[in-house]
Amino acid sequence: MASPSLAEPSLANPALRSAAQRDLGLSAAQTDQWLRTEREAPQRIAQAQRRWGAHYAGSWIENGDDGVVRLIVASSDPRATDAPAGTTLRKVRYSLAELEAAQARLDASTRRRLPGISKPLDGVYAWHVDPASNSLVVRMSPQALERAVDFAAYSGADSGVLRFERMDVAPQAMSQIYTGIGYQKNAQPSCSIGFAVRQGATKGFVTAGHCGVAGESIWMDGAPIGHIAGSEFPVADRAWVAVGDQHELLPLVSNHAGGFYYVRGSYESIHTSVVCRSGYKTGYQCGFVNAKNVTVNIAPNSSGIGGIVYGLTQTTACAGYGDSGGGWIDISEQAQGVTSAANTPPGAQHNCGVFGAMTWFQPVNPILERYGLTLVTL
């Protein structure tokens with residue numbers, strides 16, 4: 001992994017900063033304050049973790065009603081009276097470890113499921129630890145509350161930590177067939193290219209696992225360029241494509257407006273960071289990271305592609321069919337992941353402009369580690 005280059009407002013790519021300000025509804029001052037808080041957060045979070053130990057309950061950045069951006073650090077210790085400098089203390093009931101243990105029970109329950117015997121999880125869409133609400137959030141369709149409650153009860157998770165939230169649209173894999181910019185699978189338009197990588201002397205790029213299986217031919221510009229060398233879906237949603245040595249690898253991310261951003265490394269951004277994604281279907285879109293390590297039950301699409309995926313990152317950015325596999329970067333141009341799924345309404349091509357839009361990405365560092373890849377950076 002490349003060494004970190006954390007977000008200093010004055011050093012952030014101006015175009016990226018402008019896109020983030022546009023999509024997130026922040027003023028120029030709030031954007032600077034948010035990025036400065038992101039830059040300082042890792043050290044202050046580490047201080048909170050050392051101070052409260054097992055009582056540490058998570059952290060996040062929030063924009064208060066007074067318009068002030070703050071780093072919140074939470075503790076389940078009723079005796080906690082202060083917090084590290086530059087942070088705001090929030091006392092809560094459950095520690096982060098307790099919330100993560102509850103999610104682990106739900107995840108373990110899905111792995112024990114037997115096809116044709118276990119109760120279906122249709123309508124139970126995703127679950128993740130949410131430090132801000134001090135709960136394990138389970139998202140489901142309005143008709144699936146009973147099914148979600150049964151699933152959680154069967155897992156043995158502490159009912160006190162659970163919070164059930166409605167999601168009107170199921171997560172859908174973004175691997176539909178479209179014409180236009182992107183790569184093609186077996187000569188047909190498919191998904192979006194992620195980041196350029198190398199495996200030793202072999203060139204390639206990372207993408208989403210649901211975009212294809214190992215061995216399938218990958219095309220660009222009307223000609224085959226390589227093949228899917230490794231792919232996993234469901235459980236994970238990761239893949240990489242090996243291409244011929246004649247192709248040039250560039251550490252660039254298209255802004256779909258005639259320009260590019262650089263890829264400078266793969267330092268993982270914190271919860272509530274600003275992230276932006278690029279895909280051939282809906283272009284360049286930004287949002288916040290509002291959950292990590294999310295388990296998502298991706299509904300089968302028209303090709304029957306679906307299943308439960310673990311460890312995704314949830315965002316407020318939007319996406320459309322064909323954006324799958326496209327790269328995510330933060331304001332410091334650090335690679336974050338590749339697009340996995342979005343809650344796209346039935347009959348729609350994307351969820352841009354949809355209230356409650358969510359898009360999930362597979363973090364990039366586990367992909368690099370899984371396949372022994374090196375990210376191509378500036």
Side-chain angles (χ1 to χ4, degrees), residues 6-52 55-96 99 128-137 139 161 163 165-166 268-276 285-292 294 313-318 330-332 336 353-359:
L6 300 181
E8 172 62 46
S10 62
L11 300 179
N13 183 301
L16 277 169
R17 182 186 176 283
S18 177
Q21 184 177 331
R22 174 203 69 198
D23 288 351
L24 302 175
L26 299 175
S27 68
Q30 287 172 326
T31 301
D32 284 346
Q33 192 175 13
W34 198 291
L35 298 180
R36 187 174 295 108
T37 303
E38 276 191 33
R39 179 177 61 84
E40 298 168 350
Q43 180 179 359
R44 291 173 173 171
I45 291 171
Q47 292 174 345
Q49 290 172 319
R50 290 194 296 269
R51 179 171 300 185
W52 294 318
H55 288 289
Y56 173 72
S59 59
W60 61 96
I61 302 172
E62 67 180 30
N63 188 17
D65 293 337
D66 56 0
V68 177
V69 175
R70 297 180 176 87
L71 174 62
I72 310 297
V73 289
S75 174
S76 62
D77 186 349
R79 298 167 297 179
T81 57
D82 59 352
T87 69
T88 299
L89 171 64
R90 189 76 48 85
K91 289 186 180 182
V92 296
R93 180 176 180 181
Y94 299 104
S95 70
L96 184 61
L99 297 177
H128 69 272
V129 169
D130 179 32
S133 65
N134 193 229
S135 65
L136 176 63
V137 175
R139 298 186 185 277
V161 309
R163 177 178 175 180
E165 292 190 359
R166 171 175 171 168
E268 183 178 345
S269 293
I270 66 168
H271 177 63
T272 57
S273 294
V274 177
V275 290
C276 303
Q285 306 289 339
C286 297
F288 292 118
V289 170
N290 61 5
K292 289 192 171 189
V294 184
T313 296
Q314 180 175 291
T315 77
T316 60
C318 69
D330 68 4
I331 295 300
S332 296
Q336 298 300 310
V354 174
F355 179 77
M358 296 181 199
T359 300

**Asked** Just by distance, do the side chain of Glu40 and the backbone of Gly86 share a donor-acceptor pair under 3.5 Å?
**Response** no
**Message:** Once rounded to the nearest 0.5 Å, what's the spacing between atom NE2 of His271 and atom OG1 of Thr313?
**Reply:** 11.0 Å
**Contacts of type salt bridge (charged side-chain N to carboxylate O under 4.0 Å, His left out), residue Asp65, not counting sequence neighbours** = none
**Asked** Thr315 side chain to Thr359 main-chain N or O, any donor-acceptor pair under 3.5 Å?
**Response** yes
**Asked** Does one side chain, of Arg163 or Ser133, offer a donor that lies under 3.5 Å from an acceptor on the other?
**Response** yes
**Request:** Keeping the roles fixed (side chain from Ser18, backbone from Pro14), state whether a donor-acceptor pair exists under 3.5 Å.
**Result:** no
**Message:** I'd like to check Arg17 versus Asp32 (side-chain heavy atoms, cut-off strictly below 4.5 Å). Are they in contact?
**Reply:** yes
**Asked** Judged by modelled atom types alone, do Ser273 and Asp330 share a side-chain donor-acceptor pair under 3.5 Å?
**Response** no
**Request:** Return the set of residues passing ring pair (Phe, Tyr, Trp, His ring centres under 6.0 Å) with Tyr56 (not counting sequence neighbours), or none when no residue passes.
**Result:** none
**Asked** Picking from Arg93, Lys91, His55, what satisfies side-chain hydrogen bond (donor to acceptor under 3.5 Å, both in side chains) with Ser76?
**Response** His55
**Complete:** Smallest heavy-atom separation, Ala57 atom then Val92 atom, equals CB-CG2, 3.4 Å
**Request:** For this output row, return yes or no: ring centroids of Phe288 and Trp60 closer than 6.0 angstrom.
**Result:** no
**Asked** Tell me, do Arg70 and Asp66 make a side-chain contact under 4.5 Å, heavy atoms counted?
**Response** yes
**Asked** With a 4.5 Å limit on heavy-atom distance, are the side chains of Asp82 and Arg51 in contact?
**Response** yes
